[in-house]
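As structure tokens, the structure follows; a few thoughts come after it.
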Amino acid sequence: MANIQIPIRYYKDYPGGYDYGYETLTLEFAECAFLLVDIDGRSPNPTTKNFIAPALQAARDSGMLVNYVHNDLRLVADPGNIVGEIWGKTKGGDGGNGIASWARQEYKPEYLDYVAPREGERNFPKWIWSGFHDTFLDQHLRSYGIRTLFVVGYSRRACLHYTCAEAVGRNYRVILLRDCSNAPGTIEMPDTLDDSLPEGGWINRITLRNFEHLIGYTTTAEEFIAACQQVGEEKVA
């Protein structure tokens with residue numbers, strides 16, 4: 001059975017540690033899947049184009065199982081829904097009244113051409129945050145014997161975070177492609193920006209550090225692509 005060798009990073013939080021750890025994991029390729037979280041939208045996005053798209057192509061070329069999750073806000077478009085109430089206040093500034101606009105009958109997520117789902121790649125609707133909560137993603141992955149998820153998408157402080165956290169709770173190993181998510185300074189509250197930090201701000205810094213300490217490992221698009229290419233070469237040999 002083919003293996004994939006992937007360099008990983010994590011954060012050591014113990015006396016004598018308090019620093020990043022680096023290793024290379026050898027994993028059974030057939031037990032790995034590539035998961036894209038909330039990458040829908042037609043607006044140009046440098047991270048999606050320059051990092052997510054090449055990583056996705058590498059996953060496809062290697063034969064890795066590919067899955068998507070996306071928001072379908074119709075799932076929480078009910079009067080009195082607390083998610084709608086909170087988002088109406090924190091996102092819409094309308095006191096929660098905007099929930100009515102989510103209830104439109106026709107909805108289909110749209111994607112930039114270079115990251116659009118292909119035929120046979122499952123795309124699961126979710127109710128805003130976790131891609132596992134009240135969806136069939138878990139059953140689908142277990143049907144293929146998946147144990148490790150390579151995850152990309154948006155955002156590290158919301159849907160991507162909650163999806164990865166719940167994946168670990170369901171006993172999946174999660175490896176986040178850290179440059180295939182929020183670029184430095186993006187998805188940041190303006191008063192948290194800090195150009196002196198490599199993550200662009202302390203919100204991004206905290207969410208990434210918390211991920212690498214409590215939830216899973218990280219790698220980069222370049223390292224993932226190289227690992228997938230090695231798998232492909234071994235299959236041909």
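The side-chain hydrogen bond (donor to acceptor under 3.5 Å, both in side chains) pairs that include a residue from residues 172-181 are Asp138-Tyr172, Thr148-Arg173, Arg178-Thr218, where partners are two or more places apart or lie in different chains. Applying the salt bridge (charged side-chain N to carboxylate O under 4.0 Å, His left out) test to pairs two or more places apart or on separate chains, those with a residue in residues 35-44 are Asp38-Lys126, Arg42-Asp113. Sorted by first and then second residue, the salt bridge (charged side-chain N to carboxylate O under 4.0 Å, His left out) pairs involving residues 53-68 (not counting sequence neighbours) are Arg60-Glu121. Within the structure, the salt bridge (charged side-chain N to carboxylate O under 4.0 Å, His left out) test picks out the following pairs touching residues 197-219 (sequence neighbours left out): Arg9-Glu212, Glu199-Arg205. Within the structure, salt bridge (charged side-chain N to carboxylate O under 4.0 Å, His left out) contacts touching residues 149-167 (residues at least two apart or in different chains) are Glu166-Arg170.
In the hydrophobic clustering of this structure, Val37 does not group with Phe150; members are Ile, Leu, Val, Met, Phe, Trp, Tyr whose side-chain heavy atoms approach within less than 4.5 Å, directly or through other members. Residues Phe29 and Leu149 do not share a hydrophobic cluster, clusters being chains of Ile/Leu/Val/Met/Phe/Trp/Tyr side chains in contact below 4.5 Å. The hydrophobic cluster containing Leu56 does not contain Leu137, counting ILVMFWY residues as joined when their side-chain heavy atoms lie under 4.5 angstrom apart, directly or transitively. Under the 4.5 Å side-chain heavy-atom criterion for Ile, Leu, Val, Met, Phe, Trp and Tyr, Ile4 and Val151 are members of distinct hydrophobic clusters. Ile6 and Val231 end up in the same hydrophobic cluster when Ile, Leu, Val, Met, Phe, Trp and Tyr side chains are linked at under 4.5 Å.
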Walk me through it: do Glu223 and Thr24 pass the test side-chain contact (heavy atoms from CB on, under 4.5 Å)? CA-CA 10 Å; Glu223 290 169 325; Thr24 296; over 6 Å; no
Between Leu65 and Ile146, does the side-chain contact (heavy atoms from CB on, under 4.5 Å) criterion hold? Intermediate values first, please. CA-CA 9 Å; Leu65 183 71; Ile146 300 301; 3.9 Å; yes
Decide yes or no on side-chain contact (heavy atoms from CB on, under 4.5 Å) for Arg147 and Leu141, but give the supporting numbers first. CA-CA 8 Å; Arg147 301 211 52 202; Leu141 294 172; over 6 Å; no
Take Tyr154 and Asn45, measure what side-chain contact (heavy atoms from CB on, under 4.5 Å) needs, and give me the verdict at the end. CA-CA 12 Å; Tyr154 307 101; Asn45 184 317; 3.4 Å; yes
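Distance CZ/Phe211 to OH/Tyr10: 14.5 Å, rounded to 0.5 Å. Atom CD of Glu31 is separated from atom CG of Asn3 by 9.5 Å, given to the nearest 0.5 angstrom. Atom CZ of residue Phe132 and atom CD of residue Gln139 lie 10.0 Å apart, to the nearest 0.5 angstrom. For the atom pair CD of Glu222 and SG of Cys180, the computed distance is 11.5 Å after rounding to the nearest 0.5 Å.
When all heavy atoms are compared, the tightest approach of Thr219 to Pro7 is OG1-O, 2.8 Å. Looking at every heavy atom in both residues, Cys228 comes nearest to Met64 through SG-CE, 4.4 Å. Of all heavy-atom pairs between His161 and Ile215, the closest is CE1-CD1, 3.4 Å. Residues Pro54 and Asn50 share a closest heavy-atom pair of CG-O, 3.4 Å. Contact detail for Ala55 and Leu177: the closest heavy-atom pair is CB-CD2, 3.8 Å. Among all heavy-atom pairs drawn from Gly153 and Leu160, the shortest one is O-CD2, 3.5 Å.
Although no hydrogens or angles enter the test, the distance criterion places no donor-acceptor pair under 3.5 Å between the side chain of Asn210 and the main chain of Ile206. Checked by atom type and distance alone, the side chain of Thr207 pairs as donor or acceptor with a backbone atom of Asn204 at under 3.5 Å. At distances below 3.5 Å, not a single donor-acceptor pair connects side-chain atoms of Thr192 with backbone N or O atoms of Trp202. In this structure, Asp72 contributes its side chain and Arg74 its backbone to a donor-acceptor pair below 3.5 Å. No donor-acceptor pair closer than 3.5 Å links the side chain of Glu188 to the backbone N or O of Gly185.
In this structure the side chain of Val69 never reaches within 4.5 angstrom of the side chain of Thr135, judged on heavy atoms. Within the 4.5 Å cutoff, side-chain heavy atoms of Leu176 are placed close to those of Leu208. Using a 4.5 Å heavy-atom threshold, the side chains of Phe124 and His140 count as touching. The shortest distance between side-chain heavy atoms of Gln5 and Leu25 does not fall below 4.5 Å. Two residues are said to be in side-chain contact when any heavy atoms from C-beta on lie closer than 4.5 Å; His70 and Pro125 meet this criterion. Two residues are said to be in side-chain contact when any heavy atoms from C-beta on lie closer than 4.5 Å; Thr47 and Asn182 fail this criterion. Using a 4.5 Å heavy-atom cutoff, the side chains of Asp134 and Leu75 are not in contact. Side-chain contact between Tyr11 and Tyr18 is present, with at least one heavy-atom pair separated by less than 4.5 Å.
Counted within 6.0 Å of OH on Tyr144, heavy atoms from surrounding residues, nucleotides or ligands total 12 or fewer; the atom is thus considered open. Atom OH of Tyr162 sits in a sparse spot, with 12 or fewer heavy atoms from other residues, nucleotides or ligands closer than 6.0 Å. Other residues, nucleotides and ligands contribute at most 12 non-hydrogen atoms within 6.0 Å of the OH atom of Tyr217. Applying the 6.0 Å contact sphere to CG of Asp191 captures more than 12 heavy atoms from other residues, nucleotides or ligands. More than 12 heavy atoms of other residues, nucleotides or ligands sit less than 6.0 Å from atom NZ of Lys12.
Side chains of Gln57 and Tyr114: a donor-acceptor N/O pair is absent below 3.5 angstrom, by distance only.
Applying the side chain to side chain donor-acceptor pair (under 3.5 Å) criterion to Tyr111, with sequence neighbours excluded, gives Asn123.
Taking the six-membered ring for Trp and thresholds of 30 and 60 degrees, Trp129 and Trp127 have ring planes more than 60 degrees apart, a perpendicular arrangement.
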